[in-house]
Amino acid sequence: MTMAAALRGSLVTLVKGLGGPRWQQLASRQFSVSAGLCGPDGPPTRADATFNVTMIPGDGVGPELMTAVKDVFKAGDVPVEFEEFHLSEVQNMASEDKLEQVLTSMKNNKVAMKGKIHTPMEFKGELASYEMKLRRKLDLFANVVHVNSLPGYSTRHNNLDLVIIREQTEGEYSALEHERYRWPKQIRLMTPKPFCRKLGDGLFLQSCAEVAELYPKIKYDSIIIDNCCMQLVQNPYQFDVLVMPNLYGNIIDNLAAGLVGGAGVVPGESYSAEYAVFETGARHPFAQAVGRNIANPTAMLLSAANMLRHLNLEFHSHMVSDAVKRVIKQGKVRTGDLGGYATSDEFTRAVIANLDV
């Protein structure tokens, strides 16, 4: 299979997941592509079922955020049991055996919650990080981030509502580097434009255009990445759904998160045709906050709510997300990144107190 065919296949799979009723759901902004990608053998709707979910706390404040999720789930009597695996390169808790354990759990459960697995800067003889290995093994080709303004929290641009879809197994972050000459070393700056990168951006643009022709009812347009960044800052309301390659998706995810409150408030999820992994939208380990009890649990809790919707646990999904948004709207308990003074634990307790059990 050629690279172009593979890319078109991934795009078609994703669009099919957003097709029909799911596209109408996206338009009405009860956003979830999960059920559209689950297939006919998706999880049952029984409220009394208990679901096993793989949990990978990751590095930085990831374990603290996962503790917040577990505390809220326990208080809300959410029918989910976590299979927890600590996979970390920086803490020397990563190995091929540990990765296989995670993959086995994922193959059984199909669903996971994950913190950021930080990639060390030093070269250890292998380019692919465990974060990338996990994406490749599960074929998590699409990362989806729903950027939505939080009720009651005012920013420069309010009432924002847009979706960013990022291809995340190819491109600059895919660890496919090579060195033709050992000496002299050369640094080449690549401008992010399709007429400069015909084999990369050009292929992605061509594949998107070909897939767009199959769905004439969806308005399709293209924009260069540098202009996109400027337009997002000046007038983000013109955007609805943005689809982009790996590196640009990372840039836009973080930029868009900053428009609505920062990395601590935007949830995200990654999909293959078979698996779903729920995580924060702007993926940062926030290592400087470890042990200080200051990280904002909002993004991870909203990701957890999206996971519950994926499992067809609609009642519990709304219960968690409504409690989080209610606390933020009340404005009495906010973490430092939102201008407040509350600790992570205080915010979590406030969410628990607002659960409509």
Side-chain angles (χ1 to χ4, degrees), residues 1-42 135 138-148 160-171 192-195 197-225 227-228 231-232 235-253 256 267-278 281 306 309-310 312:
M1 180 182 293
T2 66
M3 183 182 295
L7 182 54
R8 282 193 294 271
S10 296
L11 289 169
V12 168
T13 300
L14 181 59
V15 175
K16 283 182 177 178
L18 291 172
R22 285 297 161 189
W23 184 256
Q24 296 299 324
Q25 189 179 40
L26 174 59
S28 63
R29 279 310 191 260
Q30 293 295 320
F31 180 66
S32 172
V33 299
S34 308
L37 294 175
C38 279
D41 299 323
R135 291 180 197 169
L138 300 176
D139 191 28
L140 297 170
F141 61 85
N143 176 250
V144 182
V145 175
H146 185 193
V147 180
N148 201 4
L160 285 183
D161 194 355
L162 58 95
V163 175
I164 301 165
I165 301 174
R166 165 191 177 188
E167 196 289 320
Q168 61 175 3
T169 58
E170 303 289 346
K193 300 178 182 180
F195 48 81
R197 289 174 48 91
K198 295 180 176 63
L199 297 182
D201 296 1
L203 173 62
F204 189 88
L205 188 62
Q206 175 188 342
S207 300
C208 288
E210 291 174 358
V211 173
E213 292 178 357
L214 303 176
Y215 300 88
K217 293 184 179 180
I218 301 177
K219 184 180 178 181
Y220 168 78
D221 198 359
S222 61
I223 186 172
I224 294 175
I225 181 64
N227 186 28
C228 179
Q231 295 293 333
L232 265 174
N235 179 24
Y237 303 102
Q238 63 185 293
F239 297 102
D240 188 22
V241 178
L242 297 95
V243 183
M244 60 199 69
N246 203 342
L247 173 62
Y248 309 158
N250 181 61
I251 295 170
I252 298 299
D253 281 347
E269 48 228 58
S270 295
Y271 295 102
S272 70
E274 189 175 1
Y275 305 106
V277 176
F278 295 82
N306 290 342
R309 185 179 299 116
H310 174 84
N312 289 333

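Counting begins at 1 with the first residue of the sequence.
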J.: Do M244 and I164 have side chains that approach each other closer than 4.5 Å (heavy atoms only, starting at C-beta)?
T.: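 Of all side-chain heavy-atom pairs linking I164 with M244, at least one is under 4.5 Å.
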J.: Take I252 and L232 through the test side-chain contact (heavy atoms from CB on, under 4.5 Å) and record every step on the way to the result.
T.: CA-CA 9 Å; I252 298 299; L232 265 174; 3.7 Å; yes
J.: So which atom in L242 and which in C228 form the shortest heavy-atom distance, rounded to 0.1 Å?
T.: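 So the two residues come closest at CD2-SG, 3.7 Å.
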J.: Can you find a heavy atom in the side chain of F239 that is under 4.5 Å from one in the side chain of I223?
T.: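 Of all side-chain heavy-atom pairs linking I223 with F239, at least one is under 4.5 Å.
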J.: Please test N246 against E170 for side-chain contact (heavy atoms from CB on, under 4.5 Å), starting from the C-alpha separation and ending with a verdict.
T.: CA-CA 7 Å; N246 203 342; E170 303 289 346; 5.9 Å; no
J.: Identify the heavy atoms of N143 and Q168 that sit nearest to each other, and give their distance.
T.: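 Reported closest heavy-atom pair: CB-OE1, 3.3 Å.
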J.: What's the verdict on side-chain contact (heavy atoms from CB on, under 4.5 Å) for V277 and L140, showing C-alpha distance, side-chain angles and the deciding distance?
T.: CA-CA 8 Å; V277 176; L140 297 170; 3.7 Å; yes
J.: Take N306 and H146 through the test side chain to side chain donor-acceptor pair (under 3.5 Å) and record every step on the way to the result.
T.: CA-CA 10 Å; N306 290 342; H146 185 193; over 6 Å; no
J.: Could you pull out the closest heavy-atom pair between Y220 and A209, with the gap in Å?
T.: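 Minimum heavy-atom contact is OH-N, 3.7 Å.
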J.: If I compare all heavy atoms of V147 with all of A256, which pair ends up nearest, and what's the gap?
T.: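 Residues V147 and A256, closest heavy atoms: CG1-O, 3.6 Å.
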J.: Which atom pair, heavy atoms only, marks the closest approach of R135 to T169?
T.: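 Minimum heavy-atom separation between R135 and T169: O-CG2, 4.3 Å.
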J.: Whether the side chain of Q238 engages the backbone of N235 through a donor-acceptor N/O pair (distance < 3.5 Å, no angle test) should be reported.
T.: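 Yes, the answer is positive, given that a donor and an acceptor are paired below the 3.5 Å cut-off.
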J.: Over 60° means perpendicular and under 30° means parallel, so classify the ring planes of Y271 and H310, tilted if in between.
T.: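 Rings of H310 and Y271: tilted, as their planes differ by 30° to 60°.
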